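Values in this document were obtained by computation on a predicted structure and should not be read as measured data. Residues take their numbers from the sequence shown, with the count starting at 1.
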Amino acid sequence: MVHSDLPANHGETVEMVPSSSFASGKEMLASVAGSKLDDSLEDQDDTLRATKSTSEDAAGMRRMGKGQQLIRHFRLFSIASFTAIATVAWELGLFVLSPALVDGGRAGLMYSLIWNFIGFAPIYLSLAEMASMAPIAGAQYHWVSEFAPERYQRSLSYITGWTSTIAWQAGNALGIFLVGSLIQTTILINDENYAFPAWHCTLLAFGAMGIAYVGNVYGAKVLPYWQNAVFAVHILAYFAYIIPIWVNAPVASHKQVWIEFQDEGGWSSVGFAVLVGQLTGISAQVGVDTAAHMSEEVRDAASAIPKAMLAIYAINFALLFPAVLTVCYHIPDLDAALADSTTYPSIYVLRQSMSNGWVTVLLVVIILLNVASNIVYLAAVTRDLFAFSRDQGLPFSKWLSKVDDKRHIPTNACILSCGIACVLALIYIGSPVAFYAITSLGTCALLQCYSFSIGCLLWRRIAHPETLPPAQFSLGRWGIPLNAFAVVYCVWSLFWSFWPQTYPVTASGFNWASPIYVAVLLFALVYFIYKARRTYVGPVTEVEGRKVHVI
């Protein structure tokens with residue numbers, strides 16, 4: 001591996017020249033988890049056994065210049081289950097339908113789900129290829145650094161690292177808020193006089209975060225071993241939701257579901273309203289790259305991660321689309337569903353098909369599934385924070401990147417992630433609108449990460465294809481058109497993700513994601529000027545096959 005002795009002033013110009021070839025597999029295997037080239041093969045074998053890595057995993061980590069600090073407990077099926085539980089496609093998707101029903105109606109919601117599923121296919125094919133080339137916890141910001149033009153890799157990867165952090169931390173807050181909200185909804189179903197105070201939801205969110213922390217830190221060793229069982233419950237509960245509705249609930253007409261578009265948001269046309277309302281369809285697709293952030297804990301990651309991502313992308317849609325279709329076909333009166341006391345049209349439909357007692361039982365199961373989701377999602381959030389800190393991109397990077405010697409996880413990164421989520425949950429007490437803006441921010445930030453990383457891959461594929469790392473999952477000759485379409489669709493989706501729900505726009509109806517997004521990036525810029533410009537150089541400077549020259 002080529003190392004560079006960077007001077008104290010890392011702000012000097014750095015030029016990275018691609019090598020014409022990569023180190024051989026035998027050379028890569030010679031160094032695992034930071035071992036020196038002259039270590040004995042026996043010591044290397046011991047390291048492989050201790051970290052549960054394959055020789056290919058070790059070769060990949062060496063190529064990327066990272067030591068193997070985490071244990072590879074996950075296999076293909078467990079990481080696929082992990083990703084499905086983290087994204088909770090139908091358990092989460094059914095509770096974010098209102099924006100699309102307001103802007104577009106039932107037909108707008110259904111069609112936006114379909115076209116966004118198709119539009120995201122090239123995005124996830126591109127991400128899966130990059131995860132095969134560079135299976136590492138940093139994912140997008142690492143890929144940007146490795147594939148971007150050399151003169152821009154530092155700035156682009158730094159921005160992507162921060163927006164990735166925004167996205168995952170916002171998603172973490174959304175998960176615990178949903179648990180708190182569903183618990184309040186369950187209480188309301190059984191007591192119509194319940195006032196739904198905001199501070200109750202915040203306290204319940206704190207409790208959900210506490211459970212997620214305990215599950216991550218004290219249950220770290222067993223985390224990979226209950227994923228498949230929870231995935232089975234995830235499937236069984238799905239059928240327990242949709243079957244009673246089809247049997248018992250009143251039915252809407254085919255015309256209402258597939259032809260009647262609506263504009264309850266006050267936009268200039270129904271077509272424009274449908275485009276604004278597609279945020280529900282967009283947010284339903286993001287997040288499958290959760291698997292990529294667990295790469296350093298998956299055995300044979302270069303093969304397993306792409307398979308898990310693409311499989312769960314398809315499975316999530318196969319579950320979510322019929323679930324949303326079920327809801328739409330059983331809302332004969334859309335205004336009544338939107339005005340339901342629970343604020344969730346999906347629960348309004350459920351209450352038409354069964355008694356409050358059975359609704360309560362099913363909601364308890366859904367809440368427990370979301371609690372499990374919070375646990376596994378926090379693990380991915382923690383790894384993302386750990387990876388960017390390992391490359392000195394965040395304040396307190398040395399503390400955040402420390403791996404617990406006993407549990408072999410980045411415990412400090414987990415503590416900070418829990419703290420951030422709790423602080424964000426406090427905002428809900430003073431302003432529910434501001435809190436919703438923070439949670440919607442996750443979709444926008446992820447789309448920016450996707451567009452930057454895939455855009456950089458496209459550039460390198462066109463300009464310097466010989467420098468692309470080998471990939472077990474390769475797009476081959478389809479790479480350029482698929483990457484190009486993916487970038488275009490990312491930018492399209494990002495544009496519509498910032499729109500407010502209603503017009504004319506008021507302070508209470510404004511989508512505050514854009515100013516929050518800009519504010520965080522301004523903070524990142526200030527931090528770069530005062531600190532990170534001397535410490536952050538981008539992970540590509542450690543990648544084998546690149547030579548670093550300080551001018």
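For Thr382 and Asn216, the side-chain atoms include no donor-acceptor pair closer than 3.5 Å. Between the side chains of Ser341 and Tyr348, no donor-acceptor pair of N or O atoms lies under 3.5 Å. Thr163 and Gln448 share a donor-acceptor pair across their side chains, judged by distance under 3.5 Å alone. At a cut-off of 3.5 Å, with distance as the only test, no side-chain donor of Gln352 or His330 sits close to an acceptor on the other residue. Counting only N and O atoms by type, the side chains of Tyr344 and Ser181 include a donor and acceptor under 3.5 Å apart. Between the side chains of Asp384 and Ser164, a donor-acceptor pair is found at a separation under 3.5 Å. In summary, the side chains of Thr360 and Asn190 do present a donor paired with an acceptor at a separation below 3.5 Å, with no hydrogens or angles considered. At a cut-off of 3.5 Å, with distance as the only test, a side-chain donor of Ser417 or Gln169 sits close to an acceptor on the other residue. The closest side-chain donor-acceptor pair between Ser373 and Asn370, if any, does not fall under 3.5 angstrom.
Contact check for Tyr194 versus Ile189: no side-chain heavy atoms found under the 4.5 Å cut-off. In this structure the side chain of Ile71 never reaches within 4.5 angstrom of the side chain of Lys221, judged on heavy atoms. Contact of the Phe82 side chain with the Phe77 side chain is not registered, since no non-hydrogen atoms from C-beta on lie closer than 4.5 Å. Side chains of Cys449 and Trp162 form no contact here, defined as non-hydrogen atoms less than 4.5 Å apart. Counting heavy atoms from C-beta on, the side chains of Leu378 and Asn172 come closer than 4.5 Å. Side-chain contact between Ser397 and Leu394 is present, with at least one heavy-atom pair separated by less than 4.5 Å. Side-chain contact between Leu127 and Phe120: absent, with no pair of heavy atoms (C-beta onward) separated by less than 4.5 Å. The shortest side-chain heavy-atom distance between Glu91 and Tyr241 does not fall under the 4.5 Å cut-off.
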Could you list the donor-acceptor pairs under 3.5 angstrom formed by side chains in residues 283-294, with sequence neighbours left out?
residue	atom	partner	partner atom	Å
Ser283	OG	Leu279	O	3.0
Ser283	OG	Thr280	O	3.1
Asp289	OD1	Tyr450	OH	2.5
Asp289	OD2	Gln140	NE2	3.0
Thr290	OG1	Gly287	O	2.4
His293	ND1	Ala137	O	2.8
His293	NE2	Trp168	NE1	3.2

Tyr536/Phe388 under ring pair (Phe, Tyr, Trp, His ring centres under 6.0 Å): CA gap, chis, key distance, verdict:
CA-CA 10 Å; Tyr536 182 81; Phe388 195 38; 5.8 Å; yes

Where do Glu146 and Arg63 land on the salt bridge (Lys or Arg N to Asp or Glu O under 4.0 Å) test, with the steps shown first?
CA-CA 11 Å; Glu146 188 166 345; Arg63 188 194 72 79; 2.7 Å; yes

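Listed for the Arg351 side chain is no donor-acceptor partner under 3.5 Å among the backbone atoms of Asn356. Counting only distance, with no hydrogens or angles, the side chain of Ser132 and the backbone of Gln472 share a donor-acceptor pair below 3.5 Å.
Here the rule is salt bridge (charged side-chain N to carboxylate O under 4.0 Å, His left out) with Glu296, and of Arg390, Lys66, Arg383, Arg72 only Arg390 fits it.
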